[in-house]
Visitor: 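The following block contains the structure, expressed as C-alpha cells.
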Amino acid sequence: MLKNELQSILSGKQLLPDELSFPPSDLLNYEEVTYKEGITFKNKKPICNRCGNSDPVWFAKFPCARCRNTEVYCRKCIMMGRISECTQLVGWSGPPPEIQLPDKILEWNGTLSKGQSAASIRVAEAIRKNKELLVWAVCGAGKTEILFPGIEAALAKKKRVCIATPRTDVVLELVPRLKSAFPNIPIAALYGGSEDRHVYAPLTISTTHQLLRFYNAFDTLILDEVDAFPYTVEESLKYAAVQARKPESAIIYLTATPSTKWQRECRSGKRDFVTIPARFHRHPLPVPLFEWCGNWKKLLTKGKMPAPVCKWVQQRLGVNKQSLIFFPNIKIMEKALPILRQIDSKVESVHAEDPDRKEKVQKMRDNLILILLTTTILERGVTFPNIDVAVIGAEEDTFTESALVQIAGRAGRSPKFPTGDVTFFHYGKTEAMLKARKQIVAMNREAVKKGLVDP
Amino acid sequence: MNLFRADRCLLCHEIINLPVGWVSLFSPEKEKLLCSDCEGKLQPILGETCRLCCRILNEFRREDLCIDCVRWEEDPEWQGVLERNISLYVYNDFLKEVIARFKYRGDYVIAKAFANPIKEKLIGDVFIPIPLSEERLFERGFNQSEALLSGAGIPATLGILTRVHTEKQSKKTRNERIHLPQVFQITEDTKIYGKKVVLIDDIYTTGSTLRHAAKLLKEAGAKSVESFTLARG
C-alpha cells in the first residue's frame, strides 16, 4: 500500500479496520495513521466514539472471539459495522491529498429567482466566513441551485464540501445535478453500498448516516432536511455532523420545516437564518382547509367512511384529478382501502414496507393511478405535478407541524399547475394543525411583502 | 417485568406496552422481549410440513416427504443420516433482515429474542452448534448458532465438531453444496456415544451442511442426530 493511497482512503475518516479494503497490517508502516478507542467509559458508563451514543439501553454485551472477553458493543450504529471495546477507529493525522482545480469550476447557466438569489448570497457569505446558517425555504423553492455560488467559492479556496441528506433517493437525484453544474470536479456519492466509499473528493454528496465515517473532514457541511428524523436519531446525526466537520468550518442547514425550537431561535435572533418564502414559480403555497369529519375512527371500524371524505374523493374522481390521501398509519389505511374501493375500484395504497412501493409511485407519476392512499412516507421528497391532497385524522400524533407543512407542500408544485386543494379532515383541531397553517400563511404573507409572488 | 423502566423490543427498540393489571403484577411472567408488531412479523411454520426437514409441503412431494428429502433418502449414502429437522419460522423478508443484522452486522443480543421458543421446542441430550471456520469466526466475532443456545440458557457442547475453512455457502449452488467434500471433522467422541444429538444452525436451506455434520456424528457413535434451526429457507 502506497502512502498516497492510504492518505486518500483515511484522510478525514474514522473507519473500522474491517471496512478497509486491505489487510490492517499495512497500516503499521505509517506514523500518520491514528487510532481511537471505539468504546470508552465515563463513570463506568459506555460511550460510543463513532455515533456518540451514551444511552445504556442502546448497548449490549457479547463474548468476543477476537479478544476472548465479554465486552460492550454499540447497537445504535451497528448497521455501519459493530463497534466494541476491542475495536479501534482508524484515521489519518497527516495532510489531506492535494486537489487540482479546473480553470472554470461552476458551469451552470440557469438563473435564480429573486428569493433564491437573496438566500444564495447569504449562503456564500456563511461559507466564506465559516459560519452557521439556516435556510428556511418553502417546499418547491428550489434549494439546490442556491448552493452553487457558495460551493464554487469554497472549492476555489480548496475547501472540502459535503452535502448530506437523509435519503439515498435524494443523493442519487442530487449527484447528476451537481455533476452537470461542476463537471470538472470529482464528486463522491455516498450511501449504504455505494462504490465511492474510499474515494477522496473535494465535493461529497452523502446520506446523513454515512457522516458517521468522517472525522474532521469538511470545511463546509450542508445538511439537508434537518427535521426529517425522529428526535433520538437526530441526536446521533447531530453528533455525526459535529464530528464530520472541521472545528473551523461552515454549516448550512436546509429545511422547509424547522422545529418549534429552531423557529423560536430564529424569531428571538439567536439563530442566523434566511427564508425563501415563495416557490420559484411565483405562486403562493396552497393553504390547508380544515374540515371536521366526526369520529372517523369509529366509523372506520364499522366499515364506513365519513361523508365529507367520501364527497371529497367523489369530487376528484368526477373531474379526474389525481390525489394523495394521507393516513396516520398502515392499519387505519388498510381499513379505509376497501371502503374507498367501493367508490372506485382503482384506488391504490402504498406504505413503507410495501414491496411494490417503487412501482406504485412510478404509476402515480405516469398518471396511471388516480387516487393513492399513503402513510407519511410520501410526505416529503416526492413530486407529482398536479395533485390535490387530503389528510384523514389530521389530529393524530403522527401529523406533526412539520409533517403537515410537508404534506401541504405536495400540492401545486409545477409551474403549469401551481394550485391544488389541501384539506385536513379531523375530529378536533390540534396545535400542530394550527401551527402548520399559520406557518404557511406567514410564508405567503412574507412572499407578498418581498414581491416574490405575482399578484 | 420491570415496573420503573420500560422494556424495549430487541428488534425495533420501541417500548413494549404490556397490559397492566393485578395479574401481571403478581404472576411470574415470561420476560417480554419483542413488541407485538415484530412478533407478528415472525411467521411460525404451520400446516402440513415435510416429516424430515420441516418445509411447508406443496405439490412437489411424495407422501409426507418433500422432493428434496426424497432425493436425500433415496441415496444410500445419506439415508437416515438426519433423523429430522425442526425450524421455528419461515425465512420471510422480515426474518431475513433480522438474521442479517444478527449474524452479519453482529448484533449478538438478538439471539435472546428467540430464547422462549427455543427453550420450548429444543429437546435432546447433547446440543452442538454448527461450527464456523476460524476465519469466519474472527470476521463475525461470534458463532451465531452458539449465540442462539446461550441466549436460551442451554449449554452448548463444543470441541467435538470442528470445521475446515471453505468458501461461503451462500455463494454456491445446490449441486455444489451437496457434492461438497466433508467440511467437518470429529475431534472427540466420548460425549456423544449413544446420545441423541441435536445440531443447531440459524437457517436450514438445502440441509447439506447439517447432513454432512450429522453423518460424522453418527459414524462416531451418536444414537441419532436431529437438527434445529431458527429459519427454514
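In what follows, every chain begins at residue 1, and chains take the letters A, B, ... in the order their sequences are listed. The structure presented is a predicted model; accordingly, all values stated were derived computationally and were not measured.
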Visitor: Can you name the nearest heavy-atom pair linking Ala65(A) to Phe142(B), along with the distance?
Guide: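 The answer is CB-N, 4.4 Å.
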Visitor: Donor-acceptor pair, distance only, cut-off 3.5 Å: does the side chain of Arg66(A) make one with the backbone of Leu137(B)?
Guide: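 Between the backbone of Leu137(B) and the side chain of Arg66(A) there is no qualifying donor-acceptor contact (under 3.5 Å).
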Visitor: Can you say whether Leu10(B) sits under 4.5 Å from chain A via the side chain, the backbone, both, or neither, judging by heavy atoms?
Guide: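 Interface part for Leu10(B): both.
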Visitor: To the closest 0.5 Å, what do you measure between CZ (Arg75(A)) and CZ (Arg8(B))?
Guide: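 Reported value, rounded in 0.5 Å steps: 11.0 Å.
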Visitor: Which one, Gly81(A), Cys64(A), Pro63(A), leads in non-hydrogen pairs under 4.5 Å with chain B?
Guide: Pro63(A)
Visitor: May I ask you to decide if Tyr73(A)'s main-chain N or O and Tyr108(B)'s side chain share a donor-acceptor pair within less than 3.5 Å?
Guide: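 No, because the side chain of Tyr108(B) does not come within donor-acceptor range (under 3.5 Å) of the backbone of Tyr73(A).
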Visitor: Among Val109(B), Asp107(B), Asp93(B), which residue forms the greatest number of heavy-atom pairs with chain A at distances under 4.5 Å?
Guide: Asp107(B)
Visitor: What are the two closest heavy atoms between Met79(A) and Arg105(B), and how far apart are they?
Guide: O-NH1, 2.7 Å
Visitor: Who wins among Ala111(B), Ala100(B), Gly141(B) for the most heavy-atom pairs under 4.5 Å with chain A?
Guide: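 Answer, by heavy-atom pair count under 4.5 Å with chain A: Gly141(B).
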Visitor: What part of Ala60(A) gets closer than 4.5 Å to chain B, counting heavy atoms only: side chain, backbone, both or neither?
Guide: side chain
Visitor: I want to check something: taking the side chain as every heavy atom from C-beta on, are Glu353(A) and Phe94(B) in contact at a cut-off of under 4.5 Å?
Guide: no
Visitor: Just wondering, more than 12 heavy atoms not from Lys363(A) lying within 6.0 Å of its NZ?
Guide: no
Visitor: Report, as yes or no, whether the 6.0 Å neighbourhood of atom CD on Glu5(A) holds more than 12 heavy atoms from other residues, nucleotides or ligands.
Guide: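 Result for CD/Glu5(A): enclosed.
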Visitor: Tell me whether Lys298(A) at atom NZ has more than 12 heavy atoms from other residues, nucleotides or ligands lying less than 6.0 Å away.
Guide: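 Counting other residues, nucleotides and ligands, NZ of Lys298(A) stays at 12 neighbours or fewer.
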Visitor: Measure the CD1-CD1 distance between Ile78(A) and Ile110(B) for me, rounded to the nearest 0.5 Å.
Guide: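 Between atom CD1 of Ile78(A) and atom CD1 of Ile110(B) there are 7.5 Å.
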Visitor: Are there over 12 heavy-atom neighbours, none belonging to Lys61(A), within less than 6.0 Å of that residue's NZ?
Guide: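 For Lys61(A), atom NZ is not crowded (no more than 12 foreign heavy atoms under 6.0 Å).
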Visitor: Hey, is CG on Asn29(A) packed in by over 12 heavy atoms from elsewhere, all under 6.0 Å?
Guide: yes
